[in-house]
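Written below as structure tokens is the structure these notes are about.
Heavy-atom basis, side chains included; hydrogens, waters and symmetry copies ignored. In what follows, every chain begins at residue 1, and chains take the letters A, B, ... in the order their sequences are listed.
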Protein chains: 2
Amino acid sequence: MVRKTKEAAELTRQQLIDAARQVFLQRGVSRTTVEHIAAAAGVTRGAVYWHFSNKTELFRAMREQVLLPLIDHMDDTLLVEGPEDPLTRIERFLSGTMQFLSEDLTTRQTYEIMMIKCEYVDEFAEVLRQILQNCTGIIEKVRLTYERAKIKGLLRDHADPAQLAMDTHLFFTGLLHMWVKDSENGIYRQQAHELIKAHISLRRR
Amino acid sequence: MVRKTKEAAELTRQQLIDAARQVFLQRGVSRTTVEHIAAAAGVTRGAVYWHFSNKTELFRAMREQVLLPLIDHMDDTLLVEGPEDPLTRIERFLSGTMQFLSEDLTTRQTYEIMMIKCEYVDEFAEVLRQILQNCTGIIEKVRLTYERAKIKGLLRDHADPAQLAMDTHLFFTGLLHMWVKDSENGIYRQQAHELIKAHISLRRR
DNA sequence: ATTTACATACATTCATGTTTGTATATAAAA
DNA sequence: TTTTATATACAAACATGAATGTATGTAAAT
């Protein structure tokens with residue numbers, strides 16, 4: 001059996017992405033060979049080179065599958081004006097993202113790969129820039145939300161929304177990194193929600 | 001000229017470490033070959049294999065050169081009881097570390113390599129565990145300092161030293177990461193001291 | 001009949017570790 | 001103090017094993 005139907009081909013493409021994620025996670029992106037990925041997906045390198053021009057393109061495809069959904073979720077939680085106060089919205093955004101990471105294996109693994117199983121040089125340097133841009137977006141949205149909180153008088157005095165947003169962003173960046181690195185004993189994973197709660201309540205009047 | 005004096009040999013060893021740092025930074029650890037490093041140091045692979053058993057050992061040597069001094073600095077700033085209040089000590093510890101990173105090229109480059117130019121798999125997984133342990137130590141020392149601040153009545157009410165320490169640690173982890181990743185336009189580098197100041201003043205009564 | 005979706009075979013490059021060679025520094029012996 | 005032996009600090013050559021990309025083959029879908 002050689003030639004598959006269109007749907008079957010699309011399926012092996014997806015299987016290749018899944019296989020790549022597994023192998024990347026175990027061996028790191030650099031040490032992973034196209035052969036490894038093909039074997040893990042139960043095909044030969046021919047299949048890989050048919051669907052993707054090279055390993056880098058496979059990495060890109062894997063990455064794009066998880067990044068877009070997460071951004072959508074952020075927009076939902078943060079910007080949509082709801083019944084809860086802005087500070088609670090930020091808290092729920094942070095907690096929700098962590099919760100999502102706990103539940104969604106694919107996203108979690110992809111993040112782990114991007115954070116500690118990938119070297120950001122050459123082709124991957126561009127990815128770094130994308131990440132930085134993404135951060136700028138998050139910071140701006142969080143800042144806006146803190147701004148609203150200030151107007152509503154929810155913040156401590158002399159608190160600058162821009163600085164608060166930065167502080168929150170750095171806190172969350174750190175949390176994500178430690179959360180991912182600490183996969184073995186999971187101290188950060190247990191504490192995550194409490195830490196987020198404490199972080200926000202520091203800002204409350 | 002083949003056989004060098006003992007001091008000359010030690011010098012080429014150091015040159016190899018320096019060369020490795022440069023090449024790791026440019027090409028990432030995985031894509032760096034022993035040949036690259038040798039060429040950058042102006043020797044042949046023979047010299048590398050004489051001083052180090054392989055690339056991993058070279059990486060380890062490079063890493064150890066910068067990590068130990070930083071830990072010493074932490075102990076000095078944080079634990080030694082001084083004239084300033086505990087919160088200021090934490091602030092100065094954070095600012096001092098960032099300052100040190102700005103000034104010391106070697107340390108900065110090594111951190112950049114460890115954070116975004118290295119894949120933590122196999123032999124390097126052990127390094128991850130070391131980093132985690134290091135973090136635990138920092139958190140504990142910061143917690144103790146917050147504890148003293150609380151006793152002296154410097155903290156906001158209902159502030160838990162343990163949670164504050166975690167929050168500070170995550171903030172600082174995030175700052176380090178963004179600081180390193182943002183090497184191009186340096187938004188974080190300019191703001192670093194202000195951000196640290198704001199972070200600490202959130203805790204003040 | 002012609003693509004498609006792969007498998008298989010091929011050619012080439014590259015990196016590694018080891019081995020061998022060698023000039024010299026250094027220490028011991030005379 | 002000079003001579004001699006040995007270990008040192010590499011360079012150069014060798015052997016081997018990947019890994020990559022491409023080219024070709026092929027059976028089934030369209």
Side-chain angles (χ1 to χ4, degrees), chain A residues 1-62 113 117-119 121-124, chain B residues 1-62 113 117-119 121-124:
Chain A
M1 25 73 223
V2 186
R3 159 94 141 122
K4 313 273 187 60
T5 159
K6 226 175 181 185
E7 301 88 51
E10 189 55 36
L11 196 139
T12 68
R13 187 192 133 93
Q14 183 57 47
Q15 284 173 341
L16 281 172
I17 293 181
D18 293 338
R21 197 183 324 108
Q22 301 303 325
V23 188
F24 284 159
L25 201 63
Q26 280 178 26
R27 321 179 70 114
V29 176
S30 295
R31 295 186 178 188
T32 296
T33 73
V34 177
E35 166 71 26
H36 290 147
I37 298 172
V43 293
T44 69
R45 289 191 306 128
V48 180
Y49 281 107
W50 171 255
H51 286 284
F52 307 93
S53 56
N54 51 39
K55 200 175 69 177
T56 306
E57 288 307 313
L58 231 178
F59 176 86
R60 194 187 311 276
M62 176 200 75
I113 292 168
K117 272 106 199 275
C118 171
E119 299 179 3
V121 285
D122 303 334
E123 326 95 77
F124 296 97
Chain B
M1 36 37 254
V2 185
R3 158 93 142 123
K4 312 273 188 64
T5 157
K6 229 176 178 182
E7 302 88 50
E10 189 55 36
L11 197 138
T12 67
R13 187 192 132 95
Q14 184 56 48
Q15 285 173 340
L16 281 171
I17 294 181
D18 293 337
R21 196 183 326 106
Q22 300 304 325
V23 187
F24 284 161
L25 201 62
Q26 281 178 26
R27 320 179 70 115
V29 176
S30 295
R31 296 185 178 187
T32 295
T33 73
V34 177
E35 166 71 26
H36 290 147
I37 299 173
V43 293
T44 68
R45 288 191 307 128
V48 180
Y49 280 107
W50 171 255
H51 287 283
F52 307 93
S53 56
N54 51 40
K55 200 175 70 177
T56 307
E57 288 307 312
L58 231 178
F59 176 86
R60 194 188 310 276
M62 176 200 76
I113 292 167
K117 270 106 198 274
C118 171
E119 298 178 3
V121 284
D122 302 335
E123 326 95 75
F124 296 97

> If you pin A/V34 and B/T5 to their nearest nucleotides in DNA chain D, which one's is more 5'?
Replying inline: B/T5
> For nucleotides 9-14 of chain C, read 5' to 3', which letter fits each nucleotide if B means a protein heavy atom sits under 4.0 Å from the base, S means only the sugar-phosphate is that close, and - means neither?
Replying inline: B-----
> Between A/H51 and B/G46, which has a closest nucleotide on DNA chain C that is more 5'?
Replying inline: A/H51
Side-chain donor-acceptor pairs under 3.5 Å in residues 44-53 of chain B, sequence neighbours left out?
{"residue": "B/T44", "atom": "OG1", "partner": "B/G46", "partner atom": "N", "Å": "3.3"}
{"residue": "B/H51", "atom": "NE2", "partner": "B/T12", "partner atom": "OG1", "Å": "3.3"}

> In whole Å, what is the span from the CD atom of B/Q15 to the C1' atom of D/dC10?
Replying inline: 13 Å
Pairs under 3.5 angstrom, nitrogen or oxygen only, protein versus nucleotides 2-6 of chain D, please.
none

>> In this structure, how many angstroms lie between the C1' atom of D/dT8 and the CD atom of B/E10, rounded?
In response: 14 Å
> Hey, what do you get for NZ (B/K55) to CE (B/M62), rounding to the nearest 0.5 Å?
Replying inline: 11.5 Å
> Can you name the residues that form a side-chain contact (heavy atoms from CB on, under 4.5 Å) with A/E123, not counting sequence neighbours?
Replying inline: A/T56, B/R31
> Which residues satisfy the side-chain hydrogen bond (donor to acceptor under 3.5 Å, both in side chains) test with B/Q22, sequence neighbours excluded?
Replying inline: B/Q109
>> Quick check: on DNA chain C, is the nucleotide nearest A/T12 upstream (toward 5') of the one nearest B/R27, or the reverse? Name the residue that is more 5'.
In response: A/T12
>> Angle between the two end axes of the helix from C/dA1-D/dT30 to C/dA30-D/dT1, five base pairs per end, rounded to 10 degrees?
In response: 0°
>> Between P on C/dT8 and CD on A/E35, what's the gap in Å once rounded to a whole number?
In response: 11 Å
